[in-house]
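What follows is a single structure, written as structure tokens, with notes after it.
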Amino acid sequence: MWFKKSTAGNASRILSTASTALCLPSYITITALGEDIPADCRTAARDPSPYRIGNPSFLDSCSTKLFKLQIQLQKILATFGSKDDKEGNLNSQKKEIIEKMGMMANLARRKASSYFFSLRSSSSSLLLSQSGFTNRGFASSSSSGAGGDENDVIVIGGGPGGYVAAIKAAQLGLKTTCIEKRGALGGTCLNVGCIPSKALLHSSHMYHEAKTKFAKHGVKFDNLELDLAAMMDQKDKAVSKLTKGVEILFNKNKVNYVKGYAKFLSPSELSVESEGGIITVKAKNIIVATGSDVKGLPGITIDEKRIVSSTGALALTQIPKKLIVIGAGYIGLEMGSVWARLGSEVTVVEFAPHIVPSMDGEIRKQFQRMLEKQNMKFMLNTKVVSVDTTTSTDVVKLTLEPSAGGDQTILEADVVLVSAGRTPYTAGLGLDKIGVETDKMGRIPVDRRFSTNVKGVYAIGDVIPGPMLAHKAEEDGIACAEFISGKEGHVDYDKVPGVVYTHPEVASVGKTEEQVKELGISYNVGRFPMLGNSRAKSIDEAEGMVKIIAEKETDKVLGVHIMCSNAGELIHEASLALNYDASSEDIARTCHAHPTLSEAVKEAAMATYDKPIHI
């Protein structure tokens, strides 16, 4: 059924917008539905003026009214075709209207999302009419980008957040320049992060499959050989193509690209040190999108040879016999997984009592067991006291002890990967010179429009609070450009998906079960093991599960956690559900193609509000 407890945001949105979109006065819709609609909702639909003036209390109260409305609508639907249906024609009209209202509610919600957000956040929106919805889209032209040497927007940093912000600003008609010091666009992600690591994860997985599973599928051969140099070459070619692709996008969208180091001279002026000398550039708006850098550990010097960061781990010329990974987060587990598949003895040392502390606890336990089956060892609740590289051999010695203190132990390795997180990169920008504030972690505080405390200076991505993820930075970039151009932008950090690209992958969006408990929310949990999924069984990828957490009273989906092959692709159905406040029943009643791995999401949703079929 398309009407669920949590399908739409409020009664006025459904009734008023549906009537308007159908070219029907509100009273016609109300008259046709008769007394089945609660009085409050009828009044709201007849008089949408509170909506036009943006009354926040009205918007909030409508959630409860909508719940009552939907119960009534479900009762109406239940009578169709039954022995109690004594007004067949009228009921048919009711059904048609309700169905149209449901479809229009979905459309209205998409068009109105940023409008509603602006009503809550900006007094300037109070005079907007009901038809004045702000739509996130492209501007055909803008006089602010025409003529003169001054830019409308300068973006410092050409990573995922920066280059996306620059392209979006240009698409919105703003004269835009992007400054990048690396000499290749794409930032850490494309050059020494997301992209090269995924290339190696895929290549190493292919090698591991050939070594351990191909024979099961009737593919047999002798003398399997690993060519590490060729594997690295494939990775480098992928990186090169993608970074050059961003330059092509800049040319297509008329973004001016400057290679060099930028430093603030004033809130509207930058000095750029480039190969051709020092130049000065000006802009009405400047976006700081300089990303993050590897977070070091006291007493440990990264030389990118024996003690490496993720950058060095992506460029090793030999497979280390023993690899120690300091830090059991996303990056450490992914890179540890690569070298474990290629033959290294991998030990992960983590100060905390769990791997990936932000992950749902139930999923995390299963995930660790699966990694242990792949011969990765874990030393949790353990801290690194010192690292010794002065031995006569090439062996690195680590002194370890329990996090709470205790007896020390010595661990030896050929290579040590420091993967203790990342830190905002703002060094040398001259932020202090123009008065831009930073917090104790080096992040730049911003408001909902990504504005810093200095007018005309904005910040996005890893340099501001929020998850340090490339796709989050991209969303920041789009929204920031929209705000600068006079439109409305929006990013909900509670609904940003995260993926660990090991095998199996682990993907999550929304809240963990631990977070829901801490908030005191009554909830239901639905689980479905991949062992019950026909596609997973047929391709011998039946490890893992799907877990859905939904609010008990409304069935609204609060969090989804997936561990299986291609979990990173499956999670986006859940992301869409959370962004549209869908119920688990909404997901369960959506037809999924058979046989697919995504059917496990449907079954987990069925298990959340009712019962699954295939387990």
Side-chain angles (χ1 to χ4, degrees), residues 197 204 292-359 361 363-423 440-442 468 500 502 506 514:
S197 65
S204 63
S292 60
D293 200 359
V294 173
K295 183 178 181 181
L297 292 175
I300 300 178
T301 302
I302 296 174
D303 60 16
E304 300 296 12
K305 294 178 181 178
R306 288 191 291 170
I307 301 179
V308 301
S309 66
S310 55
T311 301
L314 289 166
L316 296 177
T317 56
Q318 293 182 330
I319 299 169
K321 183 178 179 182
K322 292 183 178 181
L323 171 69
I324 293 176
V325 179
I326 303 175
Y330 284 38
I331 297 171
L333 296 181
E334 288 179 5
M335 295 313 304
S337 181
V338 166
W339 294 106
R341 294 171 189 167
L342 299 180
S344 297
E345 295 178 26
V346 176
T347 301
V348 180
V349 179
E350 171 58 50
F351 183 85
H354 310 291
I355 66 171
V356 197
S358 61
M359 190 178 287
I363 297 292
R364 181 173 57 225
K365 289 177 183 176
Q366 285 202 28
F367 182 41
Q368 183 176 334
R369 285 198 292 268
M370 290 183 186
L371 292 177
E372 287 171 341
K373 284 199 280 184
Q374 298 172 22
N375 297 319
M376 290 179 67
K377 299 176 182 177
F378 293 89
M379 296 181 68
L380 307 178
N381 284 312
T382 303
K383 68 178 178 181
V384 178
V385 178
S386 64
V387 176
D388 183 6
T389 59
T390 61
T391 58
S392 56
T393 64
D394 288 334
V395 173
V396 181
K397 289 187 177 182
L398 278 74
T399 302
L400 311 174
E401 70 179 28
S403 299
D407 295 337
Q408 295 185 346
T409 57
I410 302 294
L411 212 58
E412 296 184 348
D414 302 296
V415 175
V416 175
L417 166 59
V418 178
S419 181
R422 299 185 66 82
T423 187
K440 62 181 180 181
M441 298 178 68
M468 286 186 168
V500 186
T502 50
V506 181
E514 290 76 16

How close do [X] and [Y] get, counting heavy atoms only, and between which atoms?
X: K295; Y: A420; result: CD-O, 3.7 Å
X: V395; Y: R306; result: O-NH1, 3.9 Å
X: V348; Y: A328; result: CG1-CB, 3.7 Å
X: R422; Y: I331; result: CD-CD1, 4.3 Å
X: A352; Y: P357; result: CB-CG, 4.4 Å
X: G336; Y: V346; result: O-CG2, 3.6 Å

A side-chain contact here means heavy atoms from C-beta on lying under 4.5 Å apart; do [X] and [Y] qualify?
X: D414; Y: D394; answer: no
X: I326; Y: I300; answer: yes
X: M335; Y: V325; answer: no
X: E350; Y: F378; answer: no

Got a second to check how far [X]'s [atom1] is from [Y]'s [atom2], nearest 0.5 Å?
X: T502; Y: Y330; atom1: OG1; atom2: OH; value: 10.5 Å
X: T311; Y: L417; atom1: OG1; atom2: CG; value: 10.0 Å
X: L371; Y: L333; atom1: CG; atom2: CG; value: 6.0 Å
X: L342; Y: S337; atom1: CG; atom2: OG; value: 9.5 Å
X: D293; Y: T423; atom1: CG; atom2: OG1; value: 8.0 Å
X: I324; Y: K322; atom1: CD1; atom2: NZ; value: 8.5 Å

Donor-acceptor check, side chain of [X] to backbone of [Y], threshold 3.5 angstrom: yes or no?
X: T347; Y: K377; result: no
X: Q368; Y: I355; result: no
X: Q374; Y: M376; result: no
X: S344; Y: P320; result: yes

Heavy atoms of other groups near D303 CG, more than 12 under 6.0 Å: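 For D303, atom CG is crowded (more than 12 foreign heavy atoms under 6.0 Å).
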CA sep, side-chain torsions, deciding dist, call: L398, E412, side-chain contact (heavy atoms from CB on, under 4.5 Å): CA-CA 6 Å; L398 278 74; E412 296 184 348; over 6 Å; no
W339/L316 under side-chain contact (heavy atoms from CB on, under 4.5 Å): CA gap, chis, key distance, verdict: CA-CA 10 Å; W339 294 106; L316 296 177; 3.8 Å; yes
Just distance, no hydrogens or angles: give the donor-acceptor pairs under 3.5 Å from side chains in residues 380-388, sequence neighbours left out.
{"from": "T382", "atom 1": "OG1", "to": "L380", "atom 2": "O", "distance (Å)": "2.9"}
{"from": "K383", "atom 1": "NZ", "to": "E401", "atom 2": "OE2", "distance (Å)": "3.2"}
{"from": "S386", "atom 1": "OG", "to": "T399", "atom 2": "OG1", "distance (Å)": "3.2"}
{"from": "D388", "atom 1": "OD1", "to": "T390", "atom 2": "N", "distance (Å)": "2.9"}
{"from": "D388", "atom 1": "OD1", "to": "T390", "atom 2": "OG1", "distance (Å)": "2.5"}

Worked verdict on R364 versus V506 for side-chain contact (heavy atoms from CB on, under 4.5 Å): CA-CA 9 Å; R364 181 173 57 225; V506 181; over 6 Å; no
Derivation of the side-chain contact (heavy atoms from CB on, under 4.5 Å) call for E334 and V500: CA-CA 7 Å; E334 288 179 5; V500 186; 4.2 Å; yes
Contacts of type side chain to side chain contact (heavy atoms under 4.5 Å, CB included), residue A315, not counting sequence neighbours: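 Side chain to side chain contact (heavy atoms under 4.5 Å, CB included) list for A315, sorted by chain: empty.
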